[in-house]
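Order of listing sets the numbers, starting from 1, for every ligand and every atom in it. Quick note: numbers below take in every heavy atom, side chains included, and nothing from hydrogens, waters or symmetry partners.
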Amino acid sequence: MKVLVIGGGGREHTIVWKLAQSPSVSCVHWTPGNAAARPGSKVVIQSVKADNVRALADLAQQEKIDLAIAGPEAPLVAGVGDEFQRRGLAIFGPSRQGAQLEGSKVFSKQFFLKHGVPTGRAVIFSDFNEALAHVRRQPKPLVIKADGLAAGKGVTVCADDHEAEQALDEAMRQKVFGESGRQVLVEECLSGPEVSVHAITDGRAYRLLVSAQDHKRALDGDHGPNTGGMGAYSPAPIFTPELEARVRTEIFDRTLAGLRAEGIPYCGVLYAGLMLTKDGPKILEYNCRLGDPETQVLLTRLDGDLAAILMAACRGGLEGVEMKWKREAAVCVVLAAGGYPGPYRKGDAIGGLEEAARLDGVHIFHAGTALHENKVVTAGGRVLGVTAIGANLRDAIHRAYQAADTIQFEGKQCRRDIAAKACP
Ligand code: AMP
Ligand code: GLY
């Protein structure tokens with residue numbers, strides 16, 4: 001089959017890499033891609049931007065694509081799923097309505113409350129003064145969330161009135177997140193360790209992926225600003241079989257039942273961000289796509305044909321699918337550009353890529369790279385996801401850092417403690 005992967009980051013390179021290994025895949029079209037693909041492979045780079053919904057569907061028709069896979073959330077929230085379905089094209093990724101689970105925190109909170117998915121208490125506001133009056137009456141800390149997508153920046157944990165007022169002002173009056181701040185949620189502050197759990201679903205059956213954990217803060221020891229993710233590891237020892245059983249019944253079973261009750265078809269990923277409170281797991285958010293860089297460690301552990309699994313999900317046949325996983329552990333260390341997550345350097349030549357890729361068990365996934373005069377240069381905040389598989393987490397950590405240290409570019413930064421908390 002011919003497949004199309006939409007998006008140009010590390011997650012998408014990993015999906016492309018895995019699909020290219022599949023015997024059932026003859027060709028992988030990747031748009032807009034990055035500098036990762038090698039000429040002569042099964043991979044064809046296309047130039048359609050990931051948010052151009054109509055042009056993506058045109059491309060799929062022109063190239064007679066059998067299955068499209070949407071990597072990031074933005075095209076899903078923009079309706080790429082609906083456009084493909086309208087034209088009878090198979091796509092792994094939900095419709096705009098399903099993607100509201102990620103795209104609107106108001107929608108998802110109402111969904112959780114209606115369908116009994118455990119979550120923090122919250123009140124919704126569209127008027128600044130009402131929100132402010134409410135916030136002043138609440139105990140602190142509390143959490144303020146802009147309703148819509150905000151590039152991971154729409155959530156503020158506020159320690160006192162001053163911080164809360166500032167967060168409300170930014171979202172609702174200064175509109176720093178644009179329309180996404182038209183409504184806000186004022187939510188109780190939960191505490192406990194966080195864990196993320198991915199499932200693939202066809203809207204009826206679902207399959208949990210193995211556990212994985214990312215590191216959101218920029219600096220070692222979970223300090224510094226939030227980022228898209230500075231690294232990830234799998235398995236996550238915190239995700240015990242007992243916890244898994246609870247998460248299945250309390251979170252995923254209820255979510256799937258809710259989607260069916262609402263008549264929302266959903267073929268795609270449900271990625272739950274959970275907080276393990278003393279009252280049990282509670283959901284903070286759903287994402288409607290795979291995590292980045294969690295995908296890098298998840299798919300290096302997947303033992304099987306990704307294209308066949310995703311096609312089965314699109315056809316509503318996930319019930320008959322068994323996912324097999326390698327026993328080994330995987331670790332991904334993100335190499336970021338100097339300055340990230342603030343304004344960052346671009347266009348620096350990257351050295352040592354081939355040498356690093358030759359190391360045992362190592363895969364170098366490109367995230368923000370481009371070709372300039374036939375050389376690979378930095379082109380994004382997160383540049384590379386240096387990923388290694390090993391007999392256990394310690395072994396995978398060692399290999400990943402050996403590879404990470406082999407790669408050089410001006411301003412390179414990475415955390416030195418990826419996965420360390422999982423192997424004390
Ligand atoms: P979200 O985009 O909803 O996952 O929020 C991003 C981050 O904000 C989460 O990973 C948590 O660290 C934090 N957060 C979100 N909601 C809450 C909450 N109710 N209580 C405490 N922290 C939260
Ligand atoms: N790594 C976090 C995310 O993909 O949202």
Salt bridge check: are D222 and K421 linked by an N-O gap of less than 4.0 Å? yes
Looking at K346 and A337, would you say the former's side chain and the latter's main chain have a donor-acceptor pair under 3.5 Å? no
Hey, are T378 and Y344 close enough side-chain-wise for a donor-acceptor pair under 3.5 Å? no
Write down the atom of L142, the atom of C189, and the distance for their closest heavy-atom approach. CA-CB, 4.1 Å
For the pair D405 and R416, find out whether any cationic side-chain nitrogen is under 4.0 Å from an anionic carboxylate oxygen. yes
Close-range residues for ligand 1, whose non-hydrogen atoms fall below the 4.0 Å threshold: K105, V143, K145, V155, E187, E188, C189, L190, E194, M275, L284, E285
Holding to side chain to side chain contact (heavy atoms under 4.5 Å, CB included), I want the full list of residues that pass it with A307, two or more places apart in sequence or in another chain. M1, L19, S22, S24, V25, D305
Answer yes or no: is there an ion pair linking K109 with D147, defined by an N-O contact shorter than 4.0 Å? no
In a simple table, one pair per line, please give the protein and ligand 2 atom names for every N or O pair closer than 3.5 Å, along with the distance.
unit_1, atom_1, unit_2, atom_2, d
ligand 2, 1 (N), D214, OD2, 2.7
ligand 2, 1 (N), G228, O, 3.1
ligand 2, 1 (N), D292, O, 3.0
ligand 2, 1 (N), E294, OE1, 2.9
ligand 2, 1 (N), E294, OE2, 3.3
ligand 2, 4 (O), R289, NH1, 2.8
ligand 2, 4 (O), D292, N, 2.9
ligand 2, 5 (O), R289, NH1, 3.2
ligand 2, 5 (O), R289, NH2, 3.1

Among residues at least two apart in sequence or on other chains, which ones pass side chain to side chain donor-acceptor pair (under 3.5 Å) with D253? Y206
Looking only at side-chain N and O atoms, does N287 offer a donor or acceptor that is under 3.5 Å from a partner on E73? no
